[in-house]
There are 2 protein chains.
Amino acid sequence: MRGVNARCPPRAASGAAPPDTSFLESLIGYNARRAALAIIARVLPTLQPHDLRVVEFSVLTVIAHNPGITSRQVCAALDILPPNLVGLLRRLEQRGLVEKRAHPGDRRAQGLYVTAQGEQVQRQAQQAVAAVETDEATHLNAAERATLIALLRRIYQGNGAGTTR
Amino acid sequence: MRGVNARCPPRAASGAAPPDTSFLESLIGYNARRAALAIIARVLPTLQPHDLRVVEFSVLTVIAHNPGITSRQVCAALDILPPNLVGLLRRLEQRGLVEKRAHPGDRRAQGLYVTAQGEQVQRQAQQAVAAVETDEATHLNAAERATLIALLRRIYQGNGAGTTR
DNA sequence: TATTGTTATACTCTATAACTATA
DNA sequence: TATAGTTATAGAGTATAACAATA
């Protein structure tokens, strides 16, 4: 880590050496955020043909893999606040990708299911996302991917208390 | 990766087994985003006493480590769009943490500098952030941290083209 | 013609309070 | 009293177009 104020002369306005970002680059949070944004930037055009945003794809995927899941469970799984899920579900429902059914045993809740069309869209999108993630977006081999994911998971699943939200 | 539609019976409304998120957890983008959010959630209260948001801390740090840097260079380094930096700098300037000076050789540009107070705030905040990152937020040892950061950097710095933005 | 810094603006994402109906 | 789903709303964060001054 370099000194905070080396008091070097003023830098040129353009075409100069890259600025010193060494401290930020020593932070996991900084690097994780930059990496996530870089990958999302590559995944976005992949989801665009399916008219899905990243969050919508995540919600659709969780519902597809967990038929009958409730809104609250989707919120807990994806760290989404309930009020923000309402609009997401409404859009997926209006597009005919998701449907709600009465929940047996709890008349407050509703079971979420993907429709036949929703299942098809989800399957195609999942395949496209998986392809981008493994091939283009990351310049890592399988072993490096596995290592990276295991380390990342230990951070956000942690050993003790969960996230603040 | 499990089947998309196993057509299992409806899930209980609460207190049930955790939903299947295995596909999302196989994605680097998903895990990187979750990890970044988890760490930021821990860093936020650390920056709060200094009345700094994460982006403000990043900007202040880059200016402190690169006296005389221009707005455009800060934008390029942190992937911030110029219009969005204006308000950030205005606030840091009004708080007396950053100051602009005429840029020698280019009358369009302005050199950015931290004030004495800005340097002090930045140093304290940097120390606090570094402490949280290494100790509490991540449950990793030094070697694991180094591995993780190296892998993340390869993703967003990539081998070829940069990010879309 | 291109670039720096800027304004205005819009759109997305995230967060909080409060309501209803059920439990 | 607590929970599921919802509404309304506020606040960040992020995006584009367009302008004046300068290169």
Side-chain angles (χ1 to χ4, degrees), chain A residues 10-16 33-34 36-38 40-41 44 47-48 51-59 63 68-93 98 100-112 163-165, chain B residues 10-16 33-34 36-38 40-41 44 47-48 51-59 63 68-93 98 100-112 163-165:
Chain A
R11 308 172 57 83
S14 65
R33 183 164 181 279
R34 293 294 297 262
L37 289 175
I40 287 175
L44 276 179
L47 291 177
Q48 200 168 357
D51 194 18
L52 287 175
R53 286 171 298 171
V54 175
V55 203
E56 292 173 334
F57 169 71
S58 299
V59 171
I63 295 174
I69 193 172
T70 66
S71 288
R72 291 311 264 238
Q73 289 176 310
V74 173
C75 286
L78 296 180
D79 210 2
I80 297 174
L81 292 171
N84 297 330
L85 184 64
V86 176
L88 285 171
L89 286 180
R90 181 154 41 213
R91 183 156 183 267
L92 293 175
E93 213 179 351
V98 165
K100 300 175 181 176
R101 302 184 204 160
H103 195 284
D106 191 339
R107 279 185 297 173
R108 297 172 302 181
Q110 309 170 61
L112 299 172
T163 62
T164 306
R165 285 187 272 175
Chain B
R11 309 169 59 82
S14 63
R33 184 165 180 277
R34 293 294 297 261
L37 289 175
I40 287 175
L44 276 180
L47 290 177
Q48 200 169 356
D51 194 19
L52 287 175
R53 287 173 295 171
V54 174
V55 203
E56 292 173 335
F57 169 71
S58 299
V59 171
I63 296 175
I69 194 172
T70 67
S71 288
R72 292 309 266 238
Q73 289 176 311
V74 173
C75 286
L78 297 180
D79 212 0
I80 298 174
L81 292 171
N84 298 330
L85 185 64
V86 176
L88 285 171
L89 286 179
R90 181 156 40 215
R91 185 157 182 264
L92 293 175
E93 212 179 351
V98 165
K100 300 175 179 174
R101 302 183 203 160
H103 194 285
D106 191 338
R107 278 184 299 172
R108 296 173 303 182
Q110 309 169 62
L112 299 171
T163 62
T164 305
R165 285 188 273 171

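Just so it is clear: chains get the letters A, B, ... in the order the sequence lines come, proteins before strands, and each one is counted from 1.
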In whole angstroms, how far is the [atom2] atom of [N] from the [atom1] atom of [X]?
{"X": "B:Leu88", "N": "D:dA12", "atom1": "CG", "atom2": "C1'", "answer": "11 Å"}
{"X": "B:Arg101", "N": "C:dT4", "atom1": "CZ", "atom2": "P", "answer": "21 Å"}
{"X": "A:Leu85", "N": "C:dA15", "atom1": "CG", "atom2": "C1'", "answer": "15 Å"}
{"X": "B:Leu81", "N": "C:dT12", "atom1": "CG", "atom2": "C1'", "answer": "14 Å"}
{"X": "B:Leu89", "N": "C:dG5", "atom1": "CG", "atom2": "C1'", "answer": "10 Å"}
{"X": "A:Leu112", "N": "D:dA4", "atom1": "CG", "atom2": "C1'", "answer": "11 Å"}
{"X": "B:Ile80", "N": "D:dA12", "atom1": "CD1", "atom2": "C1'", "answer": "14 Å"}
{"X": "B:His103", "N": "D:dT22", "atom1": "NE2", "atom2": "P", "answer": "15 Å"}

Is there side-chain contact between [X] and [Y], with heavy atoms separated by less than 4.5 Å?
{"X": "A:Leu112", "Y": "A:Lys100", "answer": "yes"}
{"X": "A:Leu88", "Y": "A:Asn84", "answer": "no"}
{"X": "A:Ile80", "Y": "A:Val59", "answer": "yes"}

With respect to the phosphate group of [N], does any side-chain polar atom (N or O) of [X] fall under 4.0 Å of OP1 or OP2?
{"X": "A:Gln110", "N": "D:dT6", "result": "yes"}
{"X": "B:Arg53", "N": "D:dA12", "result": "no"}
{"X": "B:Arg72", "N": "C:dT4", "result": "yes"}
{"X": "A:Lys100", "N": "D:dT6", "result": "yes"}
{"X": "B:Arg107", "N": "D:dA23", "result": "yes"}

Nearest to the side chain of [X] - [options]?
{"X": "B:Arg90", "options": "C:dT6, C:dA23, C:dT7", "result": "C:dT7"}
{"X": "B:Arg108", "options": "D:dA21, D:dG5, D:dT7", "result": "D:dA21"}
{"X": "A:Pro83", "options": "C:dG5, D:dA8, D:dA15", "result": "D:dA8"}
{"X": "B:Ala109", "options": "C:dT4, C:dA23, C:dT7", "result": "C:dT4"}

Inset, instruction - Name the nucleic acid region contacted by B:Arg91, choosing base, sugar-phosphate or nothing; use a 4.0 angstrom heavy-atom cut-off, strictly under. - result: nothing

Inset, instruction - Nearest-nucleotide wise, let me know which of A:Gly105 and A:Val55 is further upstream toward the 5' end of DNA chain C. - result: A:Val55

Inset, instruction - Answer yes or no: side-chain N or O of A:Asn84 and base N or O of C:dA15 forming a donor-acceptor pair under 3.5 Å. - result: yes

Inset, instruction - Not counting sequence neighbours, which residues clear salt bridge (charged side-chain N to carboxylate O under 4.0 Å, His left out) with A:Arg107? List them please. - result: none

Legend entry - Test: B:Arg33 and A:Asp79 ion pair at under 4.0 Å: no

